[in-house]
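A quick note: this is a predicted structure, and the numbers were derived from the prediction, not measured.
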Amino acid sequence: MIDLHEKGHSFKELHEEYGPSLDTIRKWVQAATVIAIDHQGTAVTNEQFKQLQKENRRLREELDILKRAAVLLAKRWALVRVK
């Protein structure tokens with residue numbers, strides 16, 4: 001569907017010929033649209049970018065948790081050493 005749309009077929013034509021709703025076809029095309037080229041020359045689609053943002057958020061949360069844990073462990077270690 002995406003290739004056909006890129007070759008000039010309208011959403012309406014694709015809907016009438018293959019059946020998926022116009023909105024579904026639009027979403028597919030939007031998700032597969034190349035929004036950038038990475039440093040290795042690989043195309044990055046809108047969907048891939050969203051996944052990378054989600055993973056980045058998760059990793060930042062994990063890092064924040066580890067930083068807090070390190071502070072707590074350092075405080076606990078300092079208390080043990082003083083005793």
Side-chain angles (χ1 to χ4, degrees):
M1 293 277 190
I2 295 161
D3 288 339
L4 291 172
H5 177 70
E6 289 175 352
K7 291 178 181 174
H9 294 274
S10 70
F11 293 124
K12 186 176 180 181
E13 290 172 340
L14 295 171
H15 161 69
E16 290 171 353
E17 187 167 341
Y18 298 102
S21 72
L22 294 172
D23 192 45
T24 298
I25 298 169
R26 278 189 195 97
K27 287 179 183 177
W28 290 344
V29 170
Q30 182 182 18
T33 299
V34 174
I35 60 169
I37 304 294
D38 69 11
H39 65 282
Q40 296 174 340
T42 306
V44 178
T45 65
N46 192 30
E47 187 63 30
Q48 290 169 324
F49 184 71
K50 287 179 183 179
Q51 289 296 326
L52 289 169
Q53 284 181 316
K54 184 177 178 179
E55 182 181 3
N56 194 13
R57 257 191 315 277
R58 181 184 59 80
L59 291 171
R60 287 180 188 271
E61 288 173 5
E62 289 177 8
L63 180 60
D64 188 46
I65 291 167
L66 289 171
K67 284 179 180 179
R68 285 189 244 151
V71 168
L72 291 173
L73 288 172
K75 286 179 182 178
R76 177 176 278 172
W77 181 253
L79 288 174
V80 169
R81 290 184 67 189
V82 170
K83 291 182 181 180

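- Salt bridge Asp23/Lys27: present, at least one basic N to carboxylate O contact under 4.0 Å.
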Using side chain to side chain contact (heavy atoms under 4.5 Å, CB included), reason through Leu4 and Tyr18 one step at a time and then give a plain yes or no.
CA-CA 11 Å; Leu4 291 172; Tyr18 298 102; 3.5 Å; yes

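- Interatomic distance, CG of Leu14 versus OG1 of Thr24, reported as 12.0 Å (0.5 Å rounding).
- Between the CD1 atom in Ile25 and the NZ atom in Lys12 there is a gap of 12.5 Å [rounded to 0.5 Å].
- Hydrophobic clustering, with ILVMFWY side chains joined whenever heavy atoms are under 4.5 angstrom apart, groups Trp28 together with Leu22.
- Annotation: the span from Gln30 atom CD to Thr45 atom OG1 amounts to 11.0 Å, rounded to 0.5 Å.
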Checklist line | Worked verdict on Lys54 versus Arg58 for side chain to side chain contact (heavy atoms under 4.5 Å, CB included) | finding: CA-CA 6 Å; Lys54 184 177 178 179; Arg58 181 184 59 80; over 6 Å; no

Quiz prompt | Test side chain to side chain contact (heavy atoms under 4.5 Å, CB included) applied to Ile2 and His5, step by step | solution = CA-CA 5 Å; Ile2 295 161; His5 177 70; 5.7 Å; no

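- Summarising the geometry of Ile37 relative to Ala43, their closest heavy-atom pair is CD1-CA, 3.8 Å, with the distance given to 0.1 Å.
- Annotation: the span from Phe49 atom CZ to Leu52 atom CG amounts to 7.5 Å, rounded to 0.5 Å.
- The line from CD of Glu16 to OG of Ser10 is 7.5 Å long, rounded to the nearest 0.5 Å.
- A heavy-atom distance below 4.5 Å is not found between the side chains of Arg60 and Asp64.
- Nearest heavy-atom pair, His15 versus Ser21, reported as atom, atom and distance to 0.1 Å: ND1-CA, 3.9 Å.
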